[in-house]
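Structure, as structure tokens:
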Amino acid sequence: MGEQTGVTFPQEVIDEYAALGVDLPALFSAGHLGTRMGVQIIEASAERVVGTMPVEGNTQPYGLLHGGASAVLAETLGSIGSMLHGGSSKIAVGVDLNCTHHRGARSGLVTGVATPVHRGRSTATYEIVITDEQDRRVCSARLTCMLREVDPGAFQASADVTDVGEPEGGSAH
């Protein structure tokens with residue numbers, strides 16, 4: 001559950017990070033929280049990030065998909081897109097996330113698709129649409145990330161981005 005198998009990356013991104021000795025699936029994974037929640041990254045580029053998450057195990061007391069679980073999926077996908085946009089010299093740090101929950105989901109998988117709204121030098125904003133297995137919109141989200149300069153040598157094969165520096169009041173994604 002939550003293993004990052006079969007993630008699709010553009011060849012130029014694979015080449016850029018391989019030159020740094022970086023394990024892309026580990027670096028652009030869902031992280032420890034996403035793994036516990038069963039998030040799987042299916043496709044990843046700066047133009048589009050796709051991931052899934054099971055409803056089972058991520059519900060609130062009424063048996064519906066928890067809104068916080070949708071937020072985790074949205075922030076994960078938007079952060080990955082932002083980091084891919086920033087390239088190997090930057091890290092993406094979430095500064096704003098909002099989610100509107102349109103309908104409940106009780107079972108199956110939800111799928112999130114993140115697409116850019118704005119991709120600048122210092123910030124990136126992604127819209128994330130989360131749908132159920134019947135392709136009905138469950139949640140609409142928007143994430144803005146600050147793009148921070150980082151020494152490319154700071155990336156480790158383990159991809160623990162918290163080691164590359166975290167600004168006060170923010171969290172590295």
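Computed over heavy atoms, backbone and side chain alike; hydrogens, waters and symmetry mates excluded. Bear in mind the structure is a predicted one, so any value in this text is a computation, not a measurement.
- Residues L64 and T59 form no side-chain contact, since every pair of their non-hydrogen atoms from C-beta on lies 4.5 Å or further apart.
- When all heavy atoms of G86 and L147 are compared, the closest pair comes out as CA-CD1, 4.3 Å.
- Using a 4.5 Å heavy-atom cutoff, the side chains of V113 and T131 are not in contact.
- Counting heavy atoms from C-beta outward, T100 and C139 have side chains that stay 4.5 Å or more apart.
- Looking at E149 and K90, a side-chain N of the basic residue comes within less than 4.0 Å of a carboxylate O on the acidic one, giving a salt bridge.
- Two residues are said to be in side-chain contact when any heavy atoms from C-beta on lie closer than 4.5 Å; S122 and M146 fail this criterion.
- R106 places a side-chain N or O within 3.5 Å of a backbone atom of Y62 that can act as its donor or acceptor partner.
- The shortest side-chain heavy-atom distance between S79 and L143 falls under the 4.5 Å cut-off.
- Taking 4.0 Å as the cut-off between side-chain N and carboxylate O, D132 and R137 do not count as a salt-bridged pair.
- Between the CZ atom of R36 and the CG atom of N58 there is a distance of 11.0 Å, given to the nearest 0.5 Å.
- S82 and A92 get closest at one heavy-atom pair: CB-CB, 3.7 Å.
- A continuous path of ILVMFWY side-chain contacts below 4.5 Å connects L97 to I80, so both sit in one hydrophobic cluster.
- For the pair R142/T125, a side-chain contact is recorded, criterion being any heavy-atom separation below 4.5 Å from C-beta on.
- A side-chain N or O of E16 and one of S88 form a donor-acceptor pair less than 3.5 Å apart.
- Of the residues T76, L73, I130, the one that meets the side-chain contact (heavy atoms from CB on, under 4.5 Å) test with M53 is L73.
- Side-chain atoms of Q134 never come within 3.5 Å of backbone atoms of R136 as a donor-acceptor pair (strictly under, hydrogens ignored).
- When side chains are defined from C-beta on, L109 counts as touching E133, because their heavy atoms get closer than 4.5 Å.
- Between L33 and V72, the closest side-chain pair of non-hydrogen atoms falls below 4.5 Å.
- Every residue meeting the salt bridge (charged side-chain N to carboxylate O under 4.0 Å, His left out) condition with E47, not counting sequence neighbours, appears here in chain and number order: R119.
- Across every non-hydrogen atom of L84 and A44, the tightest pair is CD1-C, 3.7 Å.
- Within 6.0 Å of the CZ atom in R121, the count of heavy atoms belonging to other residues, nucleotides or ligands does not exceed 12.
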